[in-house]
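Working notes for the structure below.
Throughout, a chain's letter reflects where its sequence line sits, starting with A, and its residues are numbered from 1.
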Amino acid sequence: MHRVFRNKTAIFLFVAPGMLLFALTFLVPIIVSGYYSFTDTLAPGTKVTMVGFDNYTNLLFHDERFWLALRNALLLGIGFIVIQHPICIFFAILLDRLGGKAEKIFRTIFFIPCVISVVVISKMWLSLLDPTFGMLNKLLDLVGLDSLKHAWLGESSTALGSMLFILIWAGFGWGLLFYYAGVKGISEDLYEAAQLDGASGFRMHLKITVPLLKPVIAVQFTLAIITALKQMETVFLTTNGGPGDSTQFLAVYLYNKAFSASQYGYANAISVLFVIVCLLATYLSNRLTRSDATDF
Amino acid sequence: MIARKKTAIWIFFLIVAAGQLFPLIWLVDFSFNSSADFYSNSILKWPSSPQWHNYVNAWVDGKFLKYLSNSLLVSVVTIALTVVLSLTLSYAFIRMQWKLRSLFYTILLLGIMIPIHATLLPNFAIFKALGLTDSYFGLILPYTAVSVPLGTFMLSGFLRSIPKELEESALMDGCSIYRIVFQIIAPLLKPALVTVIVTTFLNCWNEFIMASTFLSKDALKTLPFSVMNFAGQYSSDYGSQFAVMVLTSIPAIIIYAVFNEQITKGVTAGAVKG
Amino acid sequence: MKKYSKLARASILTLAIASVGTLAACGSDNSSSTSDSSSGASGEGKVTLRFFSNLPDRKSGQGLAEQTVIDNYIKENPNVKIEVETLAEEPFKNKLKAYMSSNEPIDITMVHGGAELNTLVQAGYVKELDPKEYEGEQYNFLPGVYKSFTFNDKLYGLPRNSDYEVIYYNKKLFADNGVKVPTTLTELLDAAKAFRDKDIAPMSINGKDLWSFGEMYQNLVLRYSGNQNLILDAIDKKIKFADDENFLKAAQYLAEVRDSKMFQDSFMTADYGASQNLFTQSKAAMWYMGSWEAGMATNEALPEEFRQNLGVIKVPVADGGKGTADDLLAWNGGGYALVSSSKQPEEAKKFFDYLMSANQWAKTAWDTGAAVPAQKYELTGTESEVQKTLTDILVNASSTSGASAIDYGTPKFKDDIQNALGKFFSSKQTPEELLSALQTAVDTQ
């Protein structure tokens with residue numbers, strides 16, 4: 001190895017700015033959060049009393065809203081994995097089969113929702129899912145299924161499902177693109193060989209495509225869990241965790257605890273646990289989907 | 001046989017695409033209607049007289065041009081910083097030899113997992129202490145910080161797949177390490193760089209929680225924030241609210257249309273090799 | 001004049017009822033008049049003041065009134081520039097907390113009295129005011145209006161309005177459907193049923209924001225018990241929710257409201273603007289809101305037909321309840337405060353005093369029909385009918401509460417109690433379960 005690759009000045013210049021910025025926006029705040037999580041302060045600048053692990057014991061043993069937020073994230077993550085990803089894989093395979101100009105056109109169309117701002121998406125879906133004037137209920141009326149009408153985001157029983165639907169609509173393009181890229185990387189010869197063996201259609205893809213997509217699936221699996229855990233903006237702008245905590249998520253909960261309830265110390269304890277949960281989830285899902293192709 | 005199958009896929013996709021784009025069509029449709037029409041019984045409503053003044057409201061009172069140029073400025077600088085930092089970081093992590101590199105690499109990648117909302121409040125206090133709130137940099141720096149871990153991850157994956165021979169022969173010719181990174185490696189990474197650019201663009205173009213927390217000067221505000229602001233100002237006028245939402249979405253769609261090919265290429269190249 | 005005497009009676013009544021009755025108008029003018037403020041600033045360089053408000057709509061209602069006063073001040077003080085930052089209600093509250101935590105040097109901010117302001121006071125973010133300075137005719141504050149702005153006997157802000165809960169209704173919808181305008185809670189349920197049968201949302205409410213539920217519950221407790229202090233005592237832990245049957249009766253009525261679908265279908269996702277739009281577009285027969293929305297009657301952005309049919313009623317009485325229709329859930333919620341970290345405290349105070357002068361905010365807000373001020377105002381004779389009715393409701397009040405229950409405890413209490421009510425309205429919880437949730441919120445505050 002050339003000595004240039006050990007050039008200390010270059011390494012410093014390459015690494016320092018990025019790491020410094022990273023420390024400033026991630027590490028220092030987490031340390032600050034860690035400090036406040038042991039206090040009962042109302043907000044920065046008010047009286048600080050150390051309360052030891054009180055916030056943590058309250059959170060873990062007495063706060064059902066915290067666990068509800070975690071449960072919702074888990075359900076959302078499962079929803080992504082069980083519903084969104086199979087659909088994406090299915091569409092990626094079809095798109096690949098289609099070929100030609102149409103392939104390009106549909107690829108472009110399917111991605112469009114991904115470039116729309118989350119503020120627009122949230123406000124739009126809030127209107128679309130309005131129980132009286134929204135498009136969905138009007139459609140159900142039109143086809144005579146008015147018994148299925150709901151106040152989609154406003155009822156505890158349908159709110160989380162509706163949220164999942166919105167997020168799948170908004171995130172479909174990304175999932176599709178990644179799987180599509182994966183499918184494109186599979187050599188045509190493999191399919192031809194399989195066809196010679198008599199395999200075809202659905203079974204062929206189950207046997208060849210899906211296993212070969214494993215590395216992509218592994219990364220996407222982890223990303224789905226993280227996305228579910230980090231869910232914030234869409235919830236914040238549509239239901240704000242309601243009705244009755246049925247769409248409560250950690251980020252929304254901690255935001256409201258810090259701002260509306262003025263429980264800054266408590267909110268910081270949520271932050272710290274939040275970070276730990278996210279790291280743990282990543283670690284676990286990596287272990288679960290471990291494959292040689294990923295070193296994430 | 002194959003042709004028939006393709007036609008079937010074609011029709012199926014057409015239906016799905018229509019379903020997928022319908023909400024957006026709905027949005028555009030109602031942006032030409034008055035508030036009262038929103039409460040009517042029809043699913044789509046062709047306005048008897050298109051309410052162009054909704055767009056006038058959105059353009060003038062939504063201060064569209066100002067917010068658009070702010071968004072552009074913030075996005076462009078963020079992208080530039082993210083590209084440079086991710087490039088140098090990934091190069092140092094993958095190619096250079098130093099003691100703590102795998103530790104630093106792991107720490108940096110944690111940034112993908114750490115939720116930004118968990119650090120929002122202390123962040124605000126820190127940026128405030130550094131005098132960075134209420135300036136373009138108050139947004140650019142956190143946006144860059146959030147984008148760099150993912151960017152580094154994507155570039156690292158790609159960089160591993162590039163053979164070292166090129167750099168070694170460049171070294172023989174007496175190239176400096178800096179020229180190698182920026183003039184030899186960077187062009188090779190182009191597909192991955194495009195992906196980094198696009199994801200960074202979409203992230204900071206659409207971000208609003210930090211924008212609304214960190215900025216207070218109206219002159220600095222970005223587009224997603226203007227939607228929020230406008231909704232307060234025109235709370236009784238759905239038509240104008242929808243108009244500002246349509247206007248806000250157009251630039252991103254145009255940029256996407258222009259770079260569409262590159263994005264797919266970038267992701268395809270990245271995913272296969274990463 | 002008859003009208004003026006009504007107002008005088010209002011002042012006396014509020015004085016008698018409000019617990020902090022310290023400030024009777026004394027008539028002596030001991031502070032500088034507004035014309036002085038312009039001369040005082042002359043000779044200095046440019047001054048830029050930062051003003052933070054929760055009224056993003058600057059073209060109608062209170063936002064217009066606020067902007068008018070600001071424009072007046074700038075006209076009189078050409079060397080002063082006022083930078084106005086506005087956000088809608090919920091983002092406003094969050095942003096103010098962010099400002100507080102970083103000690104942002106804004107000069108004047110809108111504040112919510114009670115729990116919200118208390119946090120700002122504890123962080124030392126808002127300045128103490130000397131109540132003596134605001135005595136007299138220049139300000140003309142009604143007696144007892146400082147209650148939610150006073151902590152440990154110190155004053156930290158001035159109220160901008162007299163806030164009280166009423167029900168706005170659409171006369172045409174009631175007439176066209178042959179529904180009686182309710183005067184009792186039973187009639188209110190009947191009205192709800194009648195409108196439901198006709199596929200009209202009976203009552204619009206901003207359920208996403210949750211706080212209206214709290215006001216409604218306080219109002220119901222008042223209607224059943226006739227005792228303004230009952231719920232406040234419960235929050236002070238002097239009594240328990242299980243001790244007085246009126247708490248349960250009020251909760252039972254809430255359950256009936258819920259089960260009869262009195263609120264619009266989308267009530268749990270409706271924020272302030274959405275609930276208002278439903279009503280102003282004549283898609284809901286009633287809107288549960290407060291006196292601060294008087295401006296609807298004169299807001300030309302709203303449909304003409306709606307404005308002509310806008311009416312306002314007192315919250316109906318309970319059958320067999322001890323409360324009367326004239327027991328008013330009234331308090332002073334919104335107001336303004338000076339920020340401690342202001343970089344030009346003197347200039348800031350000068351504008352603050354100007355803003356709070358009776359002939360500025362109070363007069364402008366009343367004359368434009370935006371709100372009912374917390375200061376004495378003169379009737380001009382050109383008031384909208386809604387304004388007149390609102391004045392009558394205040395003037396005829398036989399008791400006022402002085403505090404809104406949800407803002408009476410800590411911010412955590414507010415969050416918990418609102419969450420409990422949100423859960424109640426989005427599930428099948430029993431009234432008893434609601435009471436025990438409320439009790440928990442009190443006990444853990």
As an exercise: rank [options] by heavy-atom pairs under 4.5 Å with chain B and give me the winner.
options                      : answer
A:L27, A:I109, A:L128        : A:L128
A:G18, A:S127, A:P17, A:C278 : A:S127
A:A23, A:G100, A:P113        : A:P113
A:V118, A:I112, A:L177       : A:L177
A:T132, A:L237, A:V183       : A:L237
A:L94, A:V275, A:V32         : A:L94

Less than 4.5 Å apart, any side-chain heavy atom of A:I116 and any of A:M124?
->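 Answer no - side chains too far apart.
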With the side chain counted from C-beta on, respond yes when B:L171 and A:F5 share a heavy-atom pair under 4.5 Å apart, and no when they do not.
-> yes
Counting only heavy atoms closer than 4.5 Å, note whether [X] contacts chain A via side chain, backbone, both or neither.
X      : value
B:F104 : both
B:A257 : neither
B:L130 : side chain
B:I114 : both
B:W26  : side chain
B:L89  : both
B:V246 : neither
B:Y238 : neither
B:T144 : both
B:Y91  : side chain
B:L108 : both
B:I107 : both

So among A:F106, A:F91, A:F172, A:W174, which one has a ring pair (Phe, Tyr, Trp, His ring centres under 6.0 Å) with A:F111?
-> A:W174
Kindly give the heavy-atom pair with the smallest separation between B:I94 and B:R101, and that separation in Å.
-> O-NH1, 3.4 Å
State, to 0.1 Å, how close B:I112 and A:K230 come at their nearest heavy-atom pair, and which atoms those are.
->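 Heavy-atom minimum between the residues: O-NZ, 2.7 Å.
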For chain A, which candidate among [options] shows the most heavy-atom pairs at distances under 4.5 Å?
options                        : value
B:V227, B:I126, B:V148, B:L120 : B:I126
B:F201, B:F30, B:W205, B:F12   : B:F12
B:T248, B:I255, B:T119, B:T152 : B:T119

Flag yes if more than 12 heavy atoms outside B:R179 fall under 6.0 Å of its CZ atom; otherwise flag no.
-> no
Between [X] and [Y], is there a donor-acceptor pair closer than 3.5 Å when you use the side chain of the first and the backbone of the second?
X      : Y      : value
B:T88  : A:F14  : yes
A:W169 : A:I121 : no
B:Y143 : B:T82  : no
B:E207 : B:A211 : yes

Contact origin within [X] toward chain B - heavy atom pairs under 4.5 Å:
X      : answer
A:L139 : both
A:K8   : neither
A:L21  : both
A:Y255 : side chain

How about B:Y67 and B:F225: are their ring centres within less than 6.0 Å of each other?
-> no
Are side-chain N/O atoms of A:S122 and A:T238 paired as donor and acceptor at under 3.5 Å?
->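 Side-chain D/A pair, A:S122 to A:T238: absent.
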With no hydrogens and no angle check, do the side chains of A:S33 and A:N268 hold a donor and an acceptor under 3.5 Å apart?
-> yes
Can you tell me how far NZ of A:K257 sits from CG of A:L250, rounded to the nearest 0.5 angstrom?
->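 Going from the CG atom of A:L250 to the NZ atom of A:K257 covers 13.0 Å.
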Output yes when A:R107 and B:E261 qualify as a salt bridge under the 4.0 Å nitrogen-oxygen rule, no when they do not.
->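 So A:R107 pairs with B:E261 through a salt bridge.
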